[in-house]
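Below: the structure, in structure tokens.
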Amino acid sequence: MALQQYTPKEYYNSKNHGYYQFITLDDIVANFMVSQVGDDKIIKQAKRLEVSYHAQRAIQELSYDTTDEVKHIEVEIPPSLSIPIPHDFVSYVRITCLDDAGIERPLKPSTLTTAPSPILQDEDYNYLYDDKGELLIGKESEAVKRFKSSDSNKTNLQDASEITYLEEGYGYNVDYGKRYGIDPSTASKNDVFVIDKHRGVISFSSGVKNKIIIIKYVSDGLNNEQDMKVHKYAEEAVYKCIAHGIITAKSNIPEYVVNRVKKEKRAAMRSAKLRLANINIEDLTQTMRGKSKQIKH
């Protein structure tokens with residue numbers, strides 16, 4: 001049976017453009033039950049629900065570092081300088097600020113401050129508790145408030161007071177950025193951000209107020225039915241991950257069978273990562289044309 005779901009006319013008039021790159025979770029489970037489970041197969045018996053569970057776990061693991069399914073959202077920063085973390089957020093990849101020319105300017109995570117949980121205190125500095133004896137926690141810490149109200153260029157320095165010592169001949173810091181060099185981790189003219197994972201918000205420095213930022217992040221691929229699909233380059237890797245998960249959970253399986261399935265899983269995941277890397281020979285050739293440039297130190 002052909003895999004095409006639409007005629008060319010139906011496809012181009014629909015909103016499912018690009019669907020043929022992927023295979024759905026239902027198809028993966030059905031294919032695995034037919035090809036990998038049976039009396040003459042390594043896996044004699046397996047429940048469909050069990051296969052579905054291991055398929056979802058495989059999609060999760062492949063989404064993190066193999067399939068490279070990075071999501072992008074565009075948000076305007078409000079005056080509060082804080083936005084909620086995306087609903088299917090697992091980890092961020094990159095956060096950028098959009099300039100007037102449409103160029104993305106990368107923002108760096110701040111290493112000079114954090115987002116602690118503020119404990120409420122009375123006038124005598126004693127901790128406050130609720131009726132159940134639990135500590136009362138404030139909505140936003142003083143560290144985040146001061147961070148959002150400060151100048152981002154100053155926060156990139158180790159101390160705001162060092163600004164007065166940057167000119168030659170002032171104080172002990174006459175060699176700042178010269179003999180000892182700057183700290184590359186904080187050497188940026190762009191703004192910075194802090195992710196508070198417990199409160200589920202991202203706070204930005206004051207320089208991005210009312211600007212457009214783009215958040216690129218990794219999800220687990222299980223948020224909804226549209227996400228529960230796998231690129232066809234990684235289809236074989238999903239089957240091997242399912243087989244490995246089922247076999248390692250069973251008892252009385254010979255060790256050589258477990259090791260064989262484990263090696264097949266590793267090889268399939270490595271092959272999927274190479275395929276999805278999408279190494280284009282023309283792009284590589286263009287990049288390598290600069291190999292003869294001399295780099296001065």
Side-chain angles (χ1 to χ4, degrees), residues 15 17-18 68-115 139-167 176-178 181-197 199-219 223 226-227 277-280 282-290 293 295-296:
K15 296 182 179 179
H17 298 158
D68 194 27
E69 294 297 329
V70 178
K71 293 191 173 183
H72 305 69
I73 61 171
E74 185 178 278
V75 184
E76 183 176 357
I77 299 299
S80 63
L81 294 173
S82 292
I83 60 172
I85 288 176
H87 64 284
D88 55 346
F89 176 92
V90 173
S91 179
Y92 88 96
V93 176
R94 195 183 188 205
I95 298 181
T96 59
C97 180
L98 201 64
D99 66 9
D100 295 336
I103 304 299
E104 296 183 28
R105 306 293 181 181
L107 305 181
K108 296 180 65 65
S110 176
T111 57
L112 305 179
T113 189
T114 57
K139 293 183 177 180
E140 189 174 54
S141 66
E142 192 65 28
V144 173
K145 291 180 182 178
R146 296 184 183 184
F147 166 75
K148 293 193 294 187
S149 63
S150 65
D151 186 352
S152 61
N153 291 330
K154 293 181 181 180
T155 59
N156 284 338
L157 298 175
Q158 294 180 358
D159 194 300
S161 62
E162 291 181 358
I163 297 176
T164 58
Y165 295 100
L166 293 183
E167 296 183 11
Y176 187 91
K178 297 178 183 179
I182 60 176
D183 184 1
S185 64
T186 58
S188 175
K189 292 178 63 177
N190 299 330
D191 288 84
V192 292
F193 63 90
V194 173
I195 298 180
D196 187 347
K197 295 183 179 180
R199 291 178 57 234
V201 296
I202 306 176
S203 300
F204 297 86
S205 52
S206 59
V208 297
K209 183 178 180 180
N210 297 327
K211 291 186 178 181
I212 302 295
I213 61 107
I214 298 175
I215 303 177
K216 302 177 183 179
Y217 65 97
V218 174
S219 183
N223 176 57
Q226 288 74 26
D227 287 348
N278 195 22
I279 300 175
N280 188 293
E282 292 185 0
D283 294 340
L284 183 61
T285 301
Q286 183 68 19
T287 302
M288 294 301 293
R289 283 173 178 158
K293 291 184 179 180
I295 301 177
K296 297 181 180 179

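Excluded from the calculations below are hydrogen atoms, water molecules and symmetry mates; all remaining heavy atoms, backbone and side chain alike, are included. Since the model is a prediction, treat every value here as computed from it, not as a measurement.
Around atom NZ of K197, no more than 12 heavy atoms belonging to other residues, nucleotides or ligands sit under 6.0 Å away. Within a 6.0 Å radius of NZ in K209, no more than 12 heavy atoms belonging to other residues, nucleotides or ligands are found. For E282, the CD atom counts as loosely surrounded, since its 6.0 Å shell holds 12 or fewer non-hydrogen atoms of other residues, nucleotides or ligands. A 6.0 Å sphere centred on CG of L284 holds more than 12 heavy atoms belonging to other residues, nucleotides or ligands.
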*Would you please test K216 and E74 for salt bridge (charged side-chain N to carboxylate O under 4.0 Å, His left out) and show each step?*
CA-CA 9 Å; K216 302 177 183 179; E74 185 178 278; over 6 Å; no
*Might you work through the side-chain contact (heavy atoms from CB on, under 4.5 Å) test for S82 and R199, ending with a clear yes or no?*
CA-CA 11 Å; S82 292; R199 291 178 57 234; 5.8 Å; no
*Checking side-chain contact (heavy atoms from CB on, under 4.5 Å) for the pair L98/E104: CA distance, chi angles, key distance, verdict?*
CA-CA 5 Å; L98 201 64; E104 296 183 28; 4.1 Å; yes
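Residues I95 and F204 have side chains in contact (heavy-atom distance under 4.5 Å, counting atoms from C-beta outward). With a 4.5 Å cut-off on side-chain heavy atoms, D88 and Y217 count as touching. A heavy-atom distance below 4.5 Å is found between the side chains of I213 and I83. Inter-residue side-chain proximity for F193 and S205 is flagged as unmet; no heavy-atom pair is nearer than 4.5 Å. Side-chain contact between V192 and L107 is absent, with no heavy-atom pair separated by less than 4.5 Å. In this structure, S206 and L81 have side chains that are in contact, with non-hydrogen atoms separated by less than 4.5 Å. A heavy-atom distance below 4.5 Å is found between the side chains of K71 and D227. Under the 4.5 Å side-chain criterion, counting only non-hydrogen atoms from C-beta, I85 is not in contact with V201.
One distance of note links CD1 of I214 with SG of C97; it measures 9.0 Å at 0.5 Å rounding. Summarising the geometry, atom CD1 belonging to I73 is positioned 9.0 Å from atom NE2 belonging to H87; distances are rounded to the nearest 0.5 Å.
In summary, of the residues considered (D191, T96, D99, V208), a side-chain contact (heavy atoms from CB on, under 4.5 Å) with R105 occurs for D99 alone.
Between S110 and V194, the shortest heavy-atom contact is CB-CG2, 3.9 Å. Taking each heavy atom of F147 and S203 in turn, the nearest pair found is CE2-O, 3.7 Å.
Salt-bridge check for K211 with D100: failed, with every basic side-chain N at 4.0 Å or more from each acidic carboxylate O.
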